[in-house]
Amino acid sequence: MTMQVNSRKMRGIVAVRADASDVKSIAERLEATVATFRKENDERFQALEKGREDIVTEEKVDKINASVSELQAALELAKKESATRLDEIEAMANRSQLSKDDDVDIRSHAVEFLSGRHGVEASRLDEADVDAYREYAGKAFAQFLRRGNQDPNIHASLMVGSDPDGGYWVPTQQTNDVKERLFETSAMRQHASVMSITTDSVSFPNDVNSAVSGGWVGETQSRSETATPKLGEQKISVHEQYAEPRITQKNLDMATINAEAWLSRKIADIMSRDENTAFVSGAGVVKPRGFLDYKDAAVTTADTSRAWGVLQYVPSGVSGATGAMPYLSGSTIGHNPDALISLIAALKPAYRGNAKFFMNRQTEAAFRKLKDLDGNYLVDRVTNAATGFTLLGFPIVTMEDMPDLASNSFSLAFGDMAASYQIVDGRGLRVLRDPFTDKPYVKFYTTKWTGGDVVNFDSLKLMKFATS
């Protein structure tokens with residue numbers, strides 16, 4: 001058994017190395033494409049300084065810039081898949097036996113089961129068969145999704161097994177890959193604070209009022225009573241999100257892919273994307289309240305004079321989808337980063353250590369083209385393209401749920417999201433299997449409870465692409 005497990009583990013390690021190689025290859029291509037983009041963009045600037053505007057060059061720069069965004073997305077996906085694959089290999093290495101007894105050999109169980117039930121000769125049992133039997137014996141949850149609580153000998157895995165009445169055999173060597181469309185989202189959980197609760201809401205006391213000084217007094221002067229600061233409270237409730245897909249019992253029994261695993265993955269994906277959208281722009285009615293829901297009430301006043309519960313914004317100085325800081329006059333063409341510097345300066349120094357810029361790829365691509373008067377790009381790399389991009393030295397976080405650049409749009413946020421936004425998880429993802437109410441379909445009623453809101457209105461700033 002040890003040799004079988006090690007052999008499978010080795011195949012996984014090779015796959016992980018291949019994934020790592022893909023990450024390196026994409027990162028190298030991204031580095032090269034960024035270099036090409038800057039070369040072409042520099043030529044565009046030189047033409048502008050000479051009073052020429054070349055449409056062909058503009059289109060060329062935009063095309064290469066789009067390639068940078070595509071490679072950046074591909075790199076993030078490759079790194080995610082590589083990490084996921086490594087987790088799978090580690091789990092595979094740990095799942096090396098059928099029972100808790102150390103002396104139980106999975107291969108002997110596989111030989112006994114497969115030869116007895118399916119007439120497979122022991123000499124024909126290769127590693128794929130043994131691995132498939134491990135899946136057959138170990139996936140109680142998959143069995144529940146298909147049939148409910150039944151005899152474990154009944155078709156507990158779509159990879160291998162048999163319905164006693166039909167004698168159906170699914171070849172373990174058959175490819176079961178399903179090509180899925182990828183959707184981009186906003187990884188709010190990676191940057192916000194997350195907590196779990198067992199009730200339907202949680203309250204956060206906040207100390208936002210200053211004490212009042214009575215001023216300077218002499219030794220014998222009278223003193224009048226001063227106001228006592230009061231504590232506030234903010235409540236975040238969890239909200240229910242649900243899905244109820246259905247699939248025929250025959251499909252569950254006969255499909256050559258793990259249909260219920262595919263379905264569960266799709267449900268988890270759409271729920272994750274929906275909650276991320278709510279964390280960014282949700283209105284707070286039967287769903288989380290997003291930080292951009294505060295944009296309409298946002299003001300330009302600083303923290304010291306702004307009411308708690310209101311976000312501050314900084315105008316970019318230009319309105320419209322150009323998205324760029326305005327050109328500076330003079331013989332040298334550049335862009336004015338003053339608005340960005342003002343945005344950074346508006347954030348208290350205590351929050352800048354973990355501060356990041358949040359924007360979608362379209363906005364990032366627009367900023368990537370900008371240079372200051374000294375010829376320095378406003379968007380730069382940390383050390384190389386594989387470790388991400390920065391804007392004026394602060395990391396850029398891609399959030400596709402943020403709006404595109406447009407007149408009066410709030411397309412850029414800056415601050416410490418962990419201090420600013422609180423995600424609250426209630427009851428976890430639950431699945432109610434229903435094979436009765438819609439025969440011959442089996443319905444999977446899936447629910448999840450989540451809430452979210454801004455809890456610190458000083459640690460996050462917005463930029464409005466407007467003149468005021």
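Taking 4.5 Å as the limit, some side-chain heavy atom of Pro403 sits within range of a side-chain heavy atom of Leu292. A 4.5 Å side-chain heavy-atom check between Val238 and Thr450 finds every atom pair outside the cut-off. Considering only heavy atoms from C-beta on, Leu30 comes within 4.5 Å of Val68 through its side chain. Residues Met463 and Leu340 have side chains in contact (heavy-atom distance under 4.5 Å, counting atoms from C-beta outward). In this structure the side chain of Phe465 never reaches within 4.5 angstrom of the side chain of Ser407, judged on heavy atoms. Looking at Glu400 and Thr398, their side chains come closer than 4.5 Å, going by heavy atoms from C-beta outward. With contacts defined as side-chain heavy-atom distances shorter than 4.5 Å, the pair Phe357/Ile344 qualifies. Using a 4.5 Å heavy-atom threshold, the side chains of Phe389 and Leu391 count as separate.
Remark: Asp425 pairs with Arg189 by the salt bridge (charged side-chain N to carboxylate O under 4.0 Å, His left out) rule, at least two apart or across chains. Under the rule for a side chain to side chain donor-acceptor pair (under 3.5 Å), the partners of Glu40 that lie at least two apart in sequence or sit in another chain are Lys60. In terms of the side chain to side chain donor-acceptor pair (under 3.5 Å) criterion, Thr446 has no residue partners (sequence neighbours excluded). By the side chain to side chain donor-acceptor pair (under 3.5 Å) test, Ser69 is found to be paired with Arg368, residues two or more places apart in sequence or in another chain being considered. With sequence neighbours excluded, no residue satisfies ring-ring contact (aromatic ring centres under 6.0 Å, His included) with Phe291. Evaluation of the salt bridge (charged side-chain N to carboxylate O under 4.0 Å, His left out) rule for Glu43 yields Lys39 as partners, not counting sequence neighbours. With sequence neighbours left out, Tyr377 forms a ring-ring contact (aromatic ring centres under 6.0 Å, His included) with no residue at all. With sequence neighbours excluded, the residues forming a side chain to side chain donor-acceptor pair (under 3.5 Å) with Thr57 are Asp54, listed by chain and number. In this structure Lys448 satisfies the salt bridge (charged side-chain N to carboxylate O under 4.0 Å, His left out) test together with Glu275, sequence neighbours excluded. Annotation: salt bridge (charged side-chain N to carboxylate O under 4.0 Å, His left out) contacts of Asp404 (sequence neighbours excluded): none. Remark: Phe37 pairs with no residue by the ring-ring contact (aromatic ring centres under 6.0 Å, His included) rule, at least two apart or across chains.
Side chain of Gln312 to backbone of Leu462: no donor-acceptor contact under 3.5 angstrom is found. Checked by atom type and distance alone, the side chain of Asp293 never pairs as donor or acceptor with a backbone atom of Ser281 at under 3.5 Å. Under a 3.5 Å cut-off, the side chain of Ser193 and the backbone N or O of Ala418 do form a donor-acceptor pair. Of the possible donor and acceptor atoms, one in the side chain of Thr33 sits under 3.5 Å from a partner among the backbone N and O of Arg29. A donor-acceptor pair under 3.5 Å is absent between the side-chain atoms of Ser272 and the main chain of Ala268, judged by distance alone. At distances below 3.5 Å, at least one donor-acceptor pair connects side-chain atoms of Asn65 with backbone N or O atoms of Ala365. When atom types are taken as modelled, the side chain of Ser186 and the backbone of Met188 share no donor-acceptor pair closer than 3.5 angstrom. Judged by distance alone, with hydrogens and angles left aside, the side-chain atoms of Asn360 form a donor-acceptor pair with the main-chain N or O of Thr363 at under 3.5 Å. Ser305 contributes no side-chain N or O that, together with a main-chain N or O of Thr301, makes up a donor-acceptor pair within less than 3.5 Å.
Salt-bridge formation is not detected for the pair Arg246/Asp434: no Lys NZ or Arg NE/NH1/NH2 atom is positioned less than 4.0 Å from an Asp or Glu carboxylate oxygen. Ionic pairing of Asp269 and Arg273 is present here: one or more N-O contacts between side-chain nitrogen and carboxylate oxygen are shorter than 4.0 angstrom. Using a cutoff of 4.0 Å between basic side-chain nitrogens and carboxylate oxygens, Arg44 and Asp62 are not scored as salt-bridged.
Of all non-hydrogen atoms in Ala355 and Pro395, the two that sit nearest each other are O-CD, 3.7 Å. Between Thr467 and Gly317, the closest heavy-atom pair is CG2-O, 4.0 Å.
In this structure, CE on Met359 lies 8.0 Å from CE on Met402, to the nearest 0.5 angstrom. Rounded to the nearest 0.5 Å, atoms CG (Leu460) and CG (Leu347) are 8.5 Å apart. Interatomic distance, CG of Asn41 versus CD of Glu58, reported as 8.5 Å (0.5 Å rounding). Note that CG of Leu343 and CG of Leu412 are 6.0 Å apart. Values are rounded to the nearest 0.5 Å. Once rounded to the nearest 0.5 Å, the distance linking CG of Leu392 with CD1 of Ile341 reads 6.5 Å. Rounding to the nearest 0.5 angstrom, the gap separating the CD1 atom in Ile64 from the CZ atom in Arg38 is 13.5 Å.
A donor-acceptor contact under 3.5 angstrom links the side chains of Asp401 and Thr277, judged on distance only. Defined by atom type and a distance below 3.5 Å, a donor-acceptor pair is present between the side-chain atoms of Tyr294 and Asp453.
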Salt bridge (Lys or Arg N to Asp or Glu O under 4.0 Å) assessment of Asp303 paired with Arg306: CA-CA 5 Å; Asp303 296 345; Arg306 191 179 70 259; 2.9 Å; yes
From CA spacing to verdict: side-chain contact (heavy atoms from CB on, under 4.5 Å), Lys464, Asn408: CA-CA 6 Å; Lys464 182 179 181 181; Asn408 298 317; 3.9 Å; yes
side-chain contact (heavy atoms from CB on, under 4.5 Å) assessment of Lys295 paired with Leu311: CA-CA 7 Å; Lys295 68 182 187 303; Leu311 289 178; over 6 Å; no
Pair Val455-Gln234, side-chain contact (heavy atoms from CB on, under 4.5 Å): steps then yes or no: CA-CA 8 Å; Val455 293; Gln234 181 178 4; 3.8 Å; yes
Evaluation steps, side-chain hydrogen bond (donor to acceptor under 3.5 Å, both in side chains), between Gln72 and Glu364: CA-CA 11 Å; Gln72 185 181 3; Glu364 181 180 352; 3.3 Å; yes
Derivation and outcome, side-chain contact (heavy atoms from CB on, under 4.5 Å), residues Leu432 and Phe444: CA-CA 6 Å; Leu432 175 63; Phe444 299 97; over 6 Å; no
Residue pair Phe358, Phe414: steps toward the ring-ring contact (aromatic ring centres under 6.0 Å, His included) verdict: CA-CA 6 Å; Phe358 302 90; Phe414 175 74; 8.5 Å; no
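Among residues at least two apart or in separate chains, side-chain hydrogen bond (donor to acceptor under 3.5 Å, both in side chains) pairs with a member in residues 342-359 are Lys348-Asp458, Tyr351-Asn456, Asn354-Lys356, Asn354-Asp416.
Counting non-hydrogen atoms of neighbouring residues, nucleotides and ligands closer than 6.0 angstrom, the NZ atom of Lys287 reaches no more than 12 such neighbours.
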